[in-house]
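None of the values given here were measured: they were computed from a predicted structure. In what follows, every chain begins at residue 1, and chains take the letters A, B, ... in the order their sequences are listed.
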2 protein chains.
Amino acid sequence: MSPRPAKSSRPAASSLMADAVPGDAARLTMADLAERAQVSIITVSRALRDSPSVREDTRRRIQDLAREMGYRFNATARNLRLQRSHTIAVVVDMKPTPERPMSGPFPLDLLGGICQELTTAGYNVLLTTGQSQPAAAVQAADGAILLGQGADDTAVRQLLPMGVPLVVWGAPQPGVDPVFVGSDNHQGGALAAARLIETGRRRLVFLGDTRHRENAERLHGFTETLASAGAVLVALAPCDFTFNAGVAAVRGLLTDTPGGFDGIFACSDAIALGAMRALTEAKLTVPDDVSVIGYDDTPMAAFHTPALTSVHQDWTEGGVRLAQAVLALINGEHPDSLILPTRLVVRAT
Amino acid sequence: MSPRPAKSSRPAASSLMADAVPGDAARLTMADLAERAQVSIITVSRALRDSPSVREDTRRRIQDLAREMGYRFNATARNLRLQRSHTIAVVVDMKPTPERPMSGPFPLDLLGGICQELTTAGYNVLLTTGQSQPAAAVQAADGAILLGQGADDTAVRQLLPMGVPLVVWGAPQPGVDPVFVGSDNHQGGALAAARLIETGRRRLVFLGDTRHRENAERLHGFTETLASAGAVLVALAPCDFTFNAGVAAVRGLLTDTPGGFDGIFACSDAIALGAMRALTEAKLTVPDDVSVIGYDDTPMAAFHTPALTSVHQDWTEGGVRLAQAVLALINGEHPDSLILPTRLVVRAT
DNA sequence: GCATTGAATGACATCGATAACAATAGTAAC
DNA sequence: GTTACTATTGTTATCGATGTCATTCAATGC
């Protein structure tokens with residue numbers, strides 16, 4: 001019972017002071033506290049967890065001791081013992097374009113919603129980019145959320161067999177199984193179509209890569225509504241989500257589309273802005289000659305002149321729902337896939 | 001030696017099939033593999049790690065077995081044994097404004113850079129919002145990165161004593177110790193001032209909350225440059241980072257500033273856009289009557305009409321540097337605080 | 001033929017915390 | 001005074017993987 005137990009091994013490598021300094025490199029364990037407090041390890045464990053089966057004063061004594069000795073709890077050990085990590089992996093599976101690693105409004109607000117919900121539920125959020133193999137990270141997690149506007153479903157196929165509860169952001173896919181949460185792309189397309197028709201447009205153009213399932217849904221809703229109103233889709237230009245892709249696509253259409261067009265629905269605000277640039281170049285005015293509707297309702301849509309009409313999705317809400325879905329799965333429930341409504345923000349174009 | 005070892009306990013709650021299904025809920029351990037392969041646990045461990053001390057065919061046999069039995073590695077156990085988590089906590093400490101949980105261009109690209117660097121270095125990224133107490137998450141990490149435009153340094157003071165290598169994004173603070181990585185706010189302010197002066201402006205306004213150290217730096221650089229050119233700061237309006245704050249601030253200034261002003265430097269693009277709105281309301285034109293410079297070079301700056309001149313910071317690079325700094329710390333090195341250059345993107349205003 | 005060497009494998013302890021059960025104390029009831 | 005009972009604390013095994021130090025076996029050298 002020496003007053004200074006001297007944790008035999010493990011020298012405090014980077015510490016200048018003797019020891020027991022809060023923030024000391026040599027990490028204390030419950031055993032150390034137990035020895036100092038002259039109690040057993042389990043009592044320390046209980047005391048630190050506020051177990052009612054530890055006498056009030058003992059508990060306080062141990063907690064104080066822990067504080068003053070700078071004890072730091074080892075979550076890894078608990079996780080091992082308790083067989084859960086309280087961690088959800090968020091896999092951001094972006095195309096390997098280095099030009100924009102994770103941009104757009106996309107994952108940020110979504111992440112915000114996810115974090116908000118998961119941290120209040122006591123879970124940690126482990127962030128992974130699809131670049132590396134997510135394997136290791138995901139395996140350690142209690143659940144996983146997949147974000148990414150992937151045109152293919154390789155990521156899903158990779159993640160699914162790992163046996164971790166999985167929720168995917170996007171449009172439900174026919175072949176694969178997991179729970180999906182997404183916004184109503186079909187409705188988004190329909191809203192855009194309805195608006196264009198309402199403003200008297202009849203010869204419409206769709207800009208977007210329909211290999212992305214979400215875009216395919218938008219196209220579907222778009223054409224469906226068109227058909228029922230006697231308008232026609234005069235062109236479908238596959239294009240990336242970028243400004244430049246929008247410029248290029250519309251430049252092409254201006255020469256290639258016999259009969260021209262008077263309305264554009266773009267799968268992102270960036271595309272829409274690019275499209276408007278190309279229209280302006282060609283001495284066409286928006287919205288007098290051509291009406292344009294974008295997607296995502298980003299700040300740049302609002303501040304562009306003329307202000308861009310755009311389909312709005314509530315990313316934060318989406319994030320929250322994603323989180324809730326994983327938690328439900330972990331809980332053994334079987335949440336249904338979920339489709340969140342979109343709404344059209346009408347502006348000048 | 002029954003052909004079906006039947007991991008006694010732990011019923012496979014959510015599994016419909018019998019067992020050994022890849023993705024089965026009952027998680028296999030190395031012990032299970034060992035039993036099936038008629039080798040010891042440690043041999044399995046070595047085989048799965050491609051240890052050269054396991055015979056080629058044994059190794060392959062075990063690896064195949066692991067694959068077909070759907071074995072999932074338990075990182076928690078390894079981390080406990082190896083005394084490291086290979087995890088970096090990223091604490092996003094935003095003001096508790098629920099209106100924008102994590103927006104702005106701010107953490108997204110930064111996060112992108114961080115992820116990119118850390119995942120390639122084999123580390124995981126644990127995301128935490130400052131809302132909850134970051135304690136638990138951070139303690140389990142090998143290192144931590146603090147992001148947040150906090151006006152105060154409570155977060156730093158909270159994190160620092162936890163004994164985890166810490167790197168902070170922002171402006172180095174006099175009182176506190178940790179390693180900082182940030183962009184050169186002083187230079188940003190100076191650039192803005194130089195540009196305004198260059199375009200003939202003499203009576204200037206600063207919009208931003210200088211309790212934020214980064215803004216204080218900008219102001220410092222701004223006024224310093226002003227002074228040396230004979231221009232004057234006629235008003236300093238503390239204001240939030242938002243559009244509305246910008247509108248309100250400038251409305252106030254328009255009535256309260258004797259002699260008026262001909263140049264505005266705003267601490268965010270949103271503020272700048274708000275300022276322009278207020279100017280337009282007052283029948284002033286930009287840049288003829290008043291020149292405006294924003295900060296962050298967001299998409300909305302570029303697409304606004306007139307296009308907003310703005311100070312650009314390379315977030316992704318910042319993220320990479322943050323990551324490198326933590327890794328260095330973990331490695332026992334003592335990296336210096338780092339200040340990244342900014343540049344002015346000159347547009348119409 | 002026997003010692004020596006090396007390759008391959010195994011037994012055991014260990015990381016730090018916790019559940020299940022055991023044990024001790026002190027108190028109340030009769 | 002003895003039994004039953006509660007409050008409090010302790011003992012032991014355990015989570016799953018891995019480092020350390022044996023151990024086994026075959027090949028090699030003399």
Side-chain angles (χ1 to χ4, degrees), chain A residues 5 7-10 25-63 66 69-87 136 139-142 163, chain B residues 5 7-10 25-63 66 69-87 136 139-142 163:
Chain A
K7 260 193 86 62
S8 54
S9 52
R10 258 195 280 159
R27 195 153 166 169
L28 297 168
T29 73
M30 288 190 176
D32 300 315
L33 295 181
E35 192 170 357
R36 281 272 279 203
Q38 293 293 315
V39 296
S40 71
I41 298 178
I42 189 69
T43 299
V44 173
S45 171
R46 290 199 262 247
L48 294 182
R49 277 178 293 157
D50 281 325
S51 160
S53 66
V54 176
R55 214 173 47 211
E56 173 70 30
D57 65 328
T58 314
R59 192 190 321 166
R60 171 131 17 191
R61 185 165 56 96
I62 294 176
Q63 290 182 350
M69 290 183 70
Y71 167 74
R72 298 197 289 129
F73 181 78
N74 186 324
T76 305
R78 166 190 279 173
N79 287 343
L80 175 59
R81 181 63 237 250
L82 264 35
Q83 298 288 1
R84 52 117 174 89
S85 63
H86 263 214
T87 292
Q139 295 211 330
D142 289 344
Chain B
K7 264 193 85 60
S8 56
S9 54
R10 261 195 279 160
R27 195 153 165 170
L28 297 168
T29 72
M30 288 189 176
D32 300 315
L33 295 181
E35 192 171 356
R36 281 271 279 201
Q38 293 293 315
V39 295
S40 71
I41 298 178
I42 188 70
T43 299
V44 173
S45 172
R46 291 199 262 246
L48 294 181
R49 276 179 292 158
D50 282 323
S51 160
S53 67
V54 176
R55 214 174 46 211
E56 173 70 28
D57 64 329
T58 314
R59 191 190 323 165
R60 169 133 15 196
R61 185 163 58 94
I62 294 175
Q63 289 183 349
M69 289 183 71
Y71 167 75
R72 298 197 288 131
F73 182 77
N74 187 326
T76 305
R78 167 189 280 173
N79 287 342
L80 175 58
R81 181 65 236 253
L82 265 35
Q83 297 290 352
R84 53 117 174 89
S85 64
H86 263 216
T87 292
Q139 295 211 330
D142 290 344

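The CD atom of A/E56 sits 15 Å away from the P atom of D/dA7 (whole-angstrom rounding). Summarising the geometry, the separation between CG on B/L48 and P on D/dA17 is reported as 9 Å, rounded to the nearest angstrom. Going from atom CD1 of B/I62 over to atom P of C/dA8 covers 13 Å, rounded to whole Å. Remark: P of D/dG16 and CZ of A/R84 are 14 Å apart, rounded to the nearest angstrom. Taking atom CZ of A/R61 as the reference point, atom P of D/dT8 lies 14 Å away to the nearest angstrom. Put simply, CG on B/L28 is 15 Å from C1' on D/dC15, counting in whole angstrom units. The nearest whole Å value for the distance from the CG atom in A/N79 to the P atom in D/dA17 is 15 Å.
Remark: B/Q83 is in phosphate contact with C/dG16, judged by side-chain N or O atoms under 4.0 Å from OP1 or OP2. Distances shown here put every side-chain N or O of A/Y71 at or beyond 4.0 Å from the OP1 or OP2 atom of C/dG16. Regarding contacts with the backbone of C/dC15, every side-chain N or O of A/T29 stays at 4.0 angstrom or more from both OP1 and OP2.
Among the heavy atoms of the strands lying under 4.0 Å from A/T43 are primed sugar atoms or P, OP1, OP2 only; no base atom is included. Residue contacts shown for B/T58 are limited to sugar-phosphate atoms, with no base heavy atom under 4.0 Å away. Heavy atoms of A/V44 sit nowhere under 4.0 angstrom from any nucleic acid atom.
Annotation: of the two residues near DNA chain C, B/D57 and B/L80, the 5′-most nearest-nucleotide partner is B/D57. The residue among B/V39 and A/N74 whose nearest nucleotide of DNA chain C is located toward the 5' end is B/V39.
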Between the protein and nucleotides 18-20 of chain C, which nitrogen or oxygen pairs come in under 3.5 angstrom?
unit_1: C/dT18; atom_1: OP1; unit_2: A/R78; atom_2: NE; d: 2.8
unit_1: C/dT18; atom_1: OP1; unit_2: A/R78; atom_2: NH2; d: 3.0
unit_1: C/dT18; atom_1: OP2; unit_2: A/S45; atom_2: OG; d: 2.6
unit_1: C/dT18; atom_1: O2; unit_2: A/R81; atom_2: NH1; d: 2.1
unit_1: C/dA19; atom_1: OP2; unit_2: A/R49; atom_2: NH1; d: 2.9

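Side-chain contact between B/H86 and B/D142 is present, with at least one heavy-atom pair separated by less than 4.5 Å. Looking at heavy atoms from C-beta onward, A/R59 lies out of side-chain contact with A/R49 at the 4.5 angstrom threshold.
Considering only residues two or more places apart in sequence or on other chains, B/T76 meets the side-chain contact (heavy atoms from CB on, under 4.5 Å) condition with A/T76, A/N79, A/L80, B/N74.
Remark: B/R55 CZ to B/R61 CZ distance equals 8.5 Å, nearest 0.5 Å. One finds the CD1 atom of A/I41 at 12.0 Å from the CZ atom of A/R46 (value rounded to the nearest 0.5 Å). How far CD of B/Q63 is from OG1 of B/T58: 11.0 Å, rounded to the nearest 0.5 Å.
When all heavy atoms of A/L48 and A/Y71 are compared, the pair lying nearest together is CD1-CE2, 3.6 Å.
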